[in-house]
Amino acid sequence: MPELPEVEVLVQHLCPLLRGKIIRSVQIRRERVIRPTSAATLKRVLVGAKFTELTRRGKFLLFQLRHPQRKTSFTLVGHLGMTGRMFVLRSGEPLPKHAAVVLELGRRRFVYEDQRYFRRLNLDESSVARMGPEPLSKDFTPAKFAQALAGSSRAIKVKLLDQDLVAGVGNIYASEALFRARIAPQLPAGKLNAEQVRALWKAIREVLTQAIRFGSTIPLHHGPDAASRDGLFYYGRAAGAPDYYEERLRVYDRAGQPCSRCKTKIQRIVQAARSTYFCPKCQRKISAR
DNA sequence: CACCATGTTCCTTG
DNA sequence: CCAAGGAACATGGT
């Protein structure tokens, strides 16, 4: 369940539960999720280490750890892929079916599960190193954004998914930001005019900020059973929580429904093998002057 | 059975 | 070198 806002809310939730805790032992139940780190290396490094901080970079979770005796610090890198989850359980509680890595913390345990085993929890920071600016930081300016888009012939929707451009935007928020900025997803990235670049810059920040604020107001449940795990927030949709979930996603997964602005039917198209949703009337293909 | 799914990486082709 | 497209990863929902 991961794009930037979901990861941010998860980080805020987990941080106080982990900070100061020492890893007593490590269970690796699916070795493929820790590649390229080996099981032996991960265990050797983690056992005895203390969580000092948890931060987010794009969609990655960065767990800072320190060995009190060895006086060494290092980073454990996590990513949820499309279906990954992380939560803290009491030690007696049963593990979910797809628990991939379990860190025993004494009375509690930290669990990383992923039904599809797509993503990772390891010591490899290479993917994090080459990421673009954080969209909610001061590093992300309209001028830099314009420069990064200039000269690209790729469709703007596809370009937004490139983590080197901006960190943390995924398939849902890419469509949502373009709708809010009234830009057609097929428009080549390099053809946005200055006004469109600024509108998109603003829309990205607004939709991500709103989603974080929204998610932060929802109590995070994290039990092993499916029902409570569905309580983990997703902006605009969640089973069994109708009150919270008004129409926040305006186009994503709404093919055939009326546009909230003009009532034209929302269209679904495929770009780079991913679904894109947009309003063909509100989002025009206006090129640079 | 078919198709779809919030992500990333690798490979091929042009 | 770049861009585009597709497959792969593995499981589950509809």
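The chains referred to below are lettered A, B, ... by the order of the sequence lines, with proteins before strands, and numbering in each begins at 1.
For the pair A:Met82 CE and B:dT8 C1', the computed distance is 9 Å after rounding to whole Å. Protein atom CD of A:Glu3 is 13 Å distant from nucleotide atom C1' of B:dT8, rounded to whole Å. Rounding to whole angstrom units, CD of residue A:Glu125 and P of B:dT8 are separated by 17 Å. With rounding to whole Å, A:Asp114 atom CG is found 18 Å from B:dA5 atom P. At whole-Å resolution of the value, CD in A:Gln271 and P in B:dA5 are 13 Å apart. Rounded to whole Å, atom P of B:dA5 lies 8 Å from atom CG of A:Asn171. Distance, A:Asp164 CG to B:dT8 P: 11 Å, rounded to whole Å. Going from atom CD1 of A:Ile269 over to atom C1' of B:dC4 covers 17 Å, rounded to whole Å.
Place A:Gly151 and A:Ala273 on DNA chain C by their nearest nucleotides, and A:Gly151 ends up nearer the 5' end. Nearer the 5' end of DNA chain B, as judged by each residue's closest nucleotide, is the contact made by A:Arg268, out of A:His79 and A:Arg268.
Residue contacts for A:Arg32: at a heavy-atom cut-off of 4.0 Å it reaches the sugar-phosphate backbone alone, with no base atom in range. Across all strands, A:Ser275 comes closer than 4.0 Å only to sugar-phosphate atoms, never to a base (heavy-atom distances). As judged by a 4.0 angstrom heavy-atom cut-off over every strand, A:Arg35 is placed among residues making no nucleic acid contact.
For A:Phe278 and A:Tyr252, the ring centers are positioned 6.0 Å apart or more.
A salt bridge links A:Arg57 and A:Glu134; the closest N-O separation between the charged side-chain nitrogens and carboxylate oxygens is under 4.0 Å. Residues A:Glu104 and A:Arg24 are not paired through a salt bridge, judged by the lack of any N-O separation under 4.0 Å between the basic side chain and the carboxylate. The residues A:Arg180 and A:Glu206 are annotated as not salt-bridged, no charged nitrogen and carboxylate oxygen being separated by less than 4.0 angstrom.
One C1' atom belongs to B:dC1, the other to C:dC9, and the distance between them is 22 Å to the nearest Å. Comparing B:dA2 with C:dA7, their P atoms are spaced 15 Å from each other, to the whole Å. Using atom C1' as the reference point in both B:dA5 and C:dA4, the two lie 22 Å apart (nearest Å). Comparing the same atom, P, in C:dG12 and in B:dT8 gives a spacing of 22 Å after rounding to whole Å.
Listed pair A:Arg116 / B:dT8 fails the phosphate criterion, with no side-chain N or O lying under 4.0 Å from OP1 or OP2.
Of the possible donor and acceptor atoms, none in the side chain of A:Arg254 sits under 3.5 Å from a partner among the backbone N and O of A:Gln267.
Hydrophobic clustering places A:Val45 together with A:Phe63 (ILVMFWY residues linked when any side-chain heavy atoms are closer than 4.5 Å, directly or through intermediates).
The shortest non-hydrogen separation linking A:Ala155 to A:Pro185 is CB-O, 3.5 Å.
In this structure, the nucleotide among B:dT8, B:dA5, B:dT9 sitting nearest to the side chain of A:Gln163 is B:dT8. Minimum atom distance to the side chain of A:Arg274 is reached by B:dG7, of the listed B:dT9, B:dA5, B:dG7.
Among A:Gln64, A:Arg66, A:Arg19, the one residue that satisfies the side-chain hydrogen bond (donor to acceptor under 3.5 Å, both in side chains) test with A:Glu53 is A:Arg19.
The partner of C:dA10, taking Watson-Crick or G-U wobble pairs whose two distances both stay under 3.5 Å, does not exist in any strand shown.
Taking every nucleotide of DNA chain C with any atom under 4.0 Å from a non-hydrogen atom of chain A, the first and last of them, 5' to 3', are C:dA3 to C:dG12.
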